[in-house]
Amino acid sequence: MGSKWNPLEMMRILLVVGQLILISSSLSSSQTVSPNCNKTCGDVAVPYPFGIGEGCYMNKYFSIRCDVTAAPTPKPYLWDSNIEVLNISLEGELRIYTHISMACYNESGIRQQPHNFTNGTLSAFPFSRTKNTFTAIGCDTMGMIAGSNDQGFSSGCLSSCGRIDDVTDGECNGIGCCKTSIPEKTLNYTASVGSFNNHSNVWSFNPCSYAFIVEDKSFNFSREDLNGMRNRTVVPSVLDWAVWNETCDAAKKDTVSFGCKAHSECFDFVNVPGYRCNCSSGYEGNPYHGCVDINECADPKKNPCDGICHNTEGSYSCSCPKGYHGDDKKGGDGLGCIANPKSSPLMIILVGKFIRIFSFFWC
Ligand SMILES: *[C@@H]1O[C@H](CO)[C@@H](O)[C@H](O)[C@H]1NC(C)=O
Ligand SMILES: *[C@@H]1O[C@H](CO)[C@@H](O)[C@H](O)[C@H]1NC(C)=O
Ligand SMILES: *[C@@H]1O[C@H](CO)[C@@H](O)[C@H](O)[C@H]1NC(C)=O
Ligand SMILES: *[C@@H]1O[C@H](CO)[C@@H](O)[C@H](O)[C@H]1NC(C)=O
Ligand SMILES: *[C@@H]1O[C@H](CO)[C@@H](O)[C@H](O)[C@H]1NC(C)=O
Ligand SMILES: *[C@@H]1O[C@H](CO)[C@@H](O)[C@H](O)[C@H]1NC(C)=O
Ligand SMILES: *[C@@H]1O[C@H](CO)[C@@H](O)[C@H](O)[C@H]1NC(C)=O
Ligand SMILES: *[C@@H]1O[C@H](CO)[C@@H](O)[C@H](O)[C@H]1NC(C)=O
Ligand SMILES: *[C@@H]1O[C@H](CO)[C@@H](O)[C@H](O)[C@H]1NC(C)=O
Ligand SMILES: *[C@@H]1O[C@H](CO)[C@@H](O)[C@H](O)[C@H]1NC(C)=O
Ligand SMILES: CC(=O)N[C@H]1CO[C@H](CO)[C@@H](O)[C@@H]1O
């Protein structure tokens, strides 16, 4: 057609341009994140996009405040709130402490300090629906949770018991302890408790009702909880985090601010609008910084080859030593590298000698 640009050529050029953008965007990101940023606060690792202090986090939703005066070790908090952070995983989980709501009565059935509260405009990261439950504890107890997801929800559970002996450790079945799931997209909530008889019939062993959101696997109900929650005022719960407010397709348009850096892939977050990044296969590290090649050959004990391992960008290849042939990757045909008779000069000499000796006797 006389055109200088055939489609294949165009494609190749576009790919090169794409790679350049990728490289420049990962450079610009590493320039904006100061190398002086503290990567831990006390015992808690704070991986990027989270960061402590101006210039260390991706955007304001990932800002961590480190209280260096806390004893015995410094403690991290989300944003400028008083939500304490327990740990952060790059897979998209953030563990925080949530407060226990409670209401206590004295012997004559008078409510002591109403302790209900609204905890947190968690404006960005919802509570994990699968990892947390709403739990209430008490023998004269109605636990209630109200909150906002897309619409607004309210839910709850009832727990009652007459005698401490009816209560079984480890069982949250409505006798001393009850639980219910929380809806998706729960960003903030109020947990509160009520009672039917002011704990008057159970006061001797259970003067208070409690309610809270908790990471299900980290809470094991005990009879002791009925009288003081084993002195706890907070319990761990799990938030789902993502780069807030944009889908992958929308975020990719701005290559500089796009959170998924070199050799990573973008995944839309289903719970609330947002995305997460993952290293591409063959790469490892922090996808929000840029992933690096895995050297599959580095550890001779884990050599993936029968023969010689060669690390390549994003993968690896195997070869058999000189004079051998066969399936060099482990888990292939199972035979591995086999000596190659044709290319072995020693073999040829031996075979030659044998034929000569044989023919000598034959004659
Ligand atoms: C890092 O933390 C230490 C104390 O743990 C503090 O003295 C130092 O100023 C912090 N550095 C930065 C860059 O925030
Ligand atoms: C985070 O904390 C939980 C519970 O304390 C623990 O099981 C988990 O191993 C911790 N994860 C990391 C990465 O520290
Ligand atoms: C219970 O509390 C009320 C009000 O605080 C008080 O008047 C009453 O004496 C208390 N009863 C007991 C048994 O302590
Ligand atoms: C706590 O609950 C009581 C009654 O249930 C209510 O009057 C009060 O306003 C609540 N306080 C807060 C801070 O929500
Ligand atoms: C949750 O937050 C929304 C706005 O972000 C607010 O309108 C609502 O009152 C809050 N709900 C609770 C239970 O705190
Ligand atoms: C919970 O506690 C009970 C009794 O203390 C124990 O038998 C059970 O194994 C515990 N369950 C878990 C999941 O830790
Ligand atoms: C205790 O509960 C009963 C039944 O709900 C109620 O009639 C009574 O007034 C309550 N007592 C106090 C001291 O609140
Ligand atoms: C709770 O605290 C009290 C007083 O500080 C103490 O006597 C008790 O042993 C503690 N209980 C538990 C389970 O730690
Ligand atoms: C979410 O994104 C929209 C449009 O991209 C923007 O107008 C809005 O301010 C963002 N909201 C937050 C809380 O960042
Ligand atoms: C991201 O990578 C991790 C570890 O390689 C893997 O477990 C996870 O399933 C991946 N997530 C997605 C959405 O592919
Ligand atoms: C994280 C948070 O906001 N916690 C608060 C929950 O509510 C109680 C009672 O109002 C406060 O004491 C907590 O600080």
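The figures that follow rest on heavy atoms only: side chains count, while hydrogens, waters and symmetry mates do not. The residues of the chain are indexed from 1 along the displayed sequence. Every number for a ligand or one of its atoms is a count from 1 in the order of the listing.
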> Just by distance, do the side chain of W244 and the backbone of F125 share a donor-acceptor pair under 3.5 Å?
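Not at all, since once roles are kept as given, no pair shorter than 3.5 Å links the two residues.
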> Would you say atom 14 (O) of ligand 8 touches the protein, meaning some protein heavy atom is under 4.0 Å from it?
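So far as the 4.0 Å threshold goes, atom 14 (O) of ligand 8 is in reach of a protein heavy atom.
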> Taking atom CD as the centre, does E313 end up with more than 12 heavy-atom neighbours from other residues, nucleotides or ligands that are less than 6.0 angstrom away?
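More than 12 heavy atoms, drawn from other residues, nucleotides or ligands, come within 6.0 Å of this atom.
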> Identify, for atom 12 (C) of ligand 3, the protein heavy atom at the shortest distance, and state residue, atom and that distance.
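Going by distance alone, atom 12 (C) of ligand 3 is nearest to N106 ND2, 3.3 Å.
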> Anything under 30° is parallel, anything over 60° is perpendicular, the rest tilted; go ahead and classify Y288 against W241.
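Answer is tilted, since the angle falls between 30° and 60°.
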> May I ask you to check whether N220 has an N/O atom sitting below 3.5 Å from an N/O atom of ligand 6?
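Yes, N220 has an N/O under 3.5 Å of an N/O on ligand 6.
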> Working note: R129 + E184, criterion salt bridge (Lys or Arg N to Asp or Glu O under 4.0 Å); need CA distance, chi angles, decisive distance, verdict.
CA-CA 5 Å; R129 197 189 80 83; E184 255 170 42; 3.8 Å; yes
> Measure from atom 2 (O) of ligand 3 to the protein's non-hydrogen atoms and state whether any distance is below 4.0 Å.
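So atom 2 (O) of ligand 3 has protein heavy-atom neighbours under 4.0 Å.
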> Starting from atom 5 (O) of ligand 6, find the nearest protein heavy-atom neighbour and note its residue, name and distance.
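Going by distance alone, atom 5 (O) of ligand 6 is nearest to D169 CB, 4.3 Å.
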> For atom 4 (C) of ligand 3, grab the closest protein heavy atom and report residue, atom and distance to one decimal in Å.
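Nearest protein contact, heavy atoms only, for atom 4 (C) of ligand 3 is I110 CG2, 3.8 Å.
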> Within the structure, does at least one protein heavy atom fall under 4.0 Å of atom 7 (O) of ligand 6?
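No.
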> Has the side chain of D166 got a donor or acceptor atom that lies under 3.5 Å from a matching backbone atom of I175?
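Judged by distance alone, no pair lies under 3.5 Å.
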> Which residue and atom name correspond to the protein heavy atom nearest atom 11 (N) of ligand 8, and how close is it?
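Residue, atom and distance for the closest contact: N231 ND2, 3.0 Å.
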> Using every non-hydrogen atom in the two residues, find where I145 and I182 come nearest and quote the distance to one decimal.
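Minimum heavy-atom contact is CD1-CG2, 4.2 Å.
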